[in-house]
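Okay, structure first, notes after.
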2 protein chains.
Amino acid sequence: MKMSSGVEWALHSCVTLSQSHEPVPAARLAELHGTPPAYTAKHLQALSRAGIVRSTMGQVGGYTLTRPASEISALEVVQAIDGDEPAYRCAEIRQRGPLGIPAERCSRPCAIARAMAAAQDAWSHALARTSIADLAADIDADSDGTAMLDVRNWLTATRN
Amino acid sequence: MKMSSGVEWALHSCVTLSQSHEPVPAARLAELHGTPPAYTAKHLQALSRAGIVRSTMGQVGGYTLTRPASEISALEVVQAIDGDEPAYRCAEIRQRGPLGIPAERCSRPCAIARAMAAAQDAWSHALARTSIADLAADIDADSDGTAMLDVRNWLTATRN
DNA sequence: TGAACTCGGATAGAAAATATCCGAGACAAG
DNA sequence: CTTGTCTCGGATATTTTCTATCCGAGTTCA
């Protein structure tokens, strides 16, 4: 059970975008985070398809958040990058083999699948409760309130 | 974030083993569950290395649980197959790029990593609360109390 | 009108998971 | 005590997924 490394880049990118009302190009985000430019752009496309960010083309284009950062949950970002299907997929083992149960008596999911789904729900709810704004505030607090200011300054300084 | 399919086989195998005090060969478990024999055996080796099952060699050998099923959590089985490292691994993006934070000021984990770790903890605790005995009881209840009896009968009937 | 800069999907390479086979060791029977 | 058969265990191919990259389509500003 391994999560795509792009999830980390996407979360950091969303936190950065929350500090700018103007479009930020993918290459700029990649430079700030020290990540591969082309691959970073690919993940931002996934965020765009999920409706989390909006892309603007042209010379002054780039990416912007579609909603206030307080209304974007970490769960949305993770699912946009890593997919929204659950980690555990029941292959219906109970229906196979010499003691296979007929499909007609399998209206409810398997008990094992139910336990795994409950765990996934607990995981999802924990991430749904955390917003991008919460993450930005926590990062700011870790840096004595200078981190987000530095990001804003860097974004305006490098904007031609 | 995808979980190995072997997790499902391992959980079903542990539930089956909880119904037998005598060793059950890997081939027998694979037949009962309708899974590839060789690959099923490989996953049982992982359970053996984790100390969840004990292997007995020889003609009447096979696998047995090392502890009562009520003292084996689903989390242990999942971690034995899928690994115990967390799904999210922080690459320390905050230390990279033009605004990189020096490592000396990064004693605490990144705020994003903390949020992901909290979600993983919620997931782990949900699975830690569920034992193999609980799963067996739930499966039994779904089948009107005949499923585990059928398993016990099949195990003794096919035991030469 | 033109030029430069942006995103977007299609394309190679690397890593991991899946599935399998054969040898080492152990118990039971003769 | 020897033999034979059955067991597990690690080492080996194949497929799938993830990682990383490049070039074309479209848009905005000068």
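Order of the sequence lines sets the chain letters (A, B, ...), proteins ahead of strands, with each chain counted from 1.
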Side-chain donor-acceptor pairs under 3.5 Å in residues 2-12 of chain A, sequence neighbours left out?
residue	atom	partner	partner atom	Å
A/Ser4	OG	A/Gly6	N	3.1
A/Glu8	OE1	B/Ala91	N	2.9
A/Glu8	OE2	B/Ala91	N	2.9

For this session: Select base, sugar-phosphate, or nothing to describe what B/Ala27 touches, counting heavy atoms under 4.0 Å on all strands.
Result: nothing
Exercise. For C/dT20, does OP1 or OP2 lie under 4.0 Å from any side-chain N or O of B/Tyr39?
Worked result: no
Exercise. With sequence neighbours excluded, what pairs up with B/Ala147 under the side-chain contact (heavy atoms from CB on, under 4.5 Å) test?
Worked result: B/Ile139, B/Asp140, B/Ser143
Please tabulate, one pair per line, all N/O donor-acceptor pairs under 3.5 Å involving side-chain atoms of residues 35-43 of chain A, not counting sequence neighbours.
residue	atom	partner	partner atom	Å
A/Thr35	OG1	A/Thr40	OG1	2.8
A/Thr40	OG1	A/Pro36	O	2.6

Exercise. When you match B/Ser48 and A/Pro36 each to their closest nucleotide on DNA chain D, which lands nearer the 5' end?
Worked result: B/Ser48
Below 3.5 Å is the cut-off: list the nitrogen or oxygen pairs between protein and nucleotides 24-30 of chain C, distance only.
residue	atom	partner	partner atom	Å
C/dA28	O4'	B/Gln59	OE1	3.0

For this session: Select from B/Gly62 and A/Thr40 the residue whose nearest nucleotide in DNA chain D is closer to the 5' end of that strand.
Result: B/Gly62
Exercise. With sequence neighbours excluded, what pairs up with A/Asp142 under the side-chain hydrogen bond (donor to acceptor under 3.5 Å, both in side chains) test?
Worked result: B/Arg114
Exercise. When you measure from every atom of DNA chain D, which of residues 2-13 of chain A have a heavy atom less than 4.0 Å away?
Worked result: A/Ser4, A/Ser5, A/Trp9
Problem set entry | side-chain contact (heavy atoms from CB on, under 4.5 Å) involving B/Ala141 - partner list, sequence neighbours excluded | none
Exercise. Which residues satisfy the side-chain hydrogen bond (donor to acceptor under 3.5 Å, both in side chains) test with A/Arg67, sequence neighbours excluded?
Worked result: A/Glu76
Seminar exercise, completed: So the salt bridge (Lys or Arg N to Asp or Glu O under 4.0 Å) pairs with at least one residue in residues 31-40 of chain A (sequence neighbours excluded) are none
For this session: Taking heavy atoms of chain A and a 4.0 Å limit, find me the 5'-most and 3'-most nucleotide of DNA chain D within that range.
Result: D/dT19 to D/dC29
Exercise. For A/Arg105, which residues count as a side-chain hydrogen bond (donor to acceptor under 3.5 Å, both in side chains) partner, sequence neighbours excluded?
Worked result: B/Asp144
Problem set entry | Integer-rounded Å distance: C/dT20 P and B/Gln45 CD | 15 Å
Problem set entry | side-chain contact (heavy atoms from CB on, under 4.5 Å) partners of B/Ala117, counting only residues at least two apart | none
Exercise. Near B/Arg54 CZ, under 6.0 Å, is it more than 12 heavy atoms from other residues, nucleotides or ligands?
Worked result: no
For this session: Could you please spell out the steps behind the side chain to side chain donor-acceptor pair (under 3.5 Å) verdict for B/Asp134 and B/Ser131?
Result: CA-CA 5 Å; B/Asp134 294 333; B/Ser131 72; 3.2 Å; yes
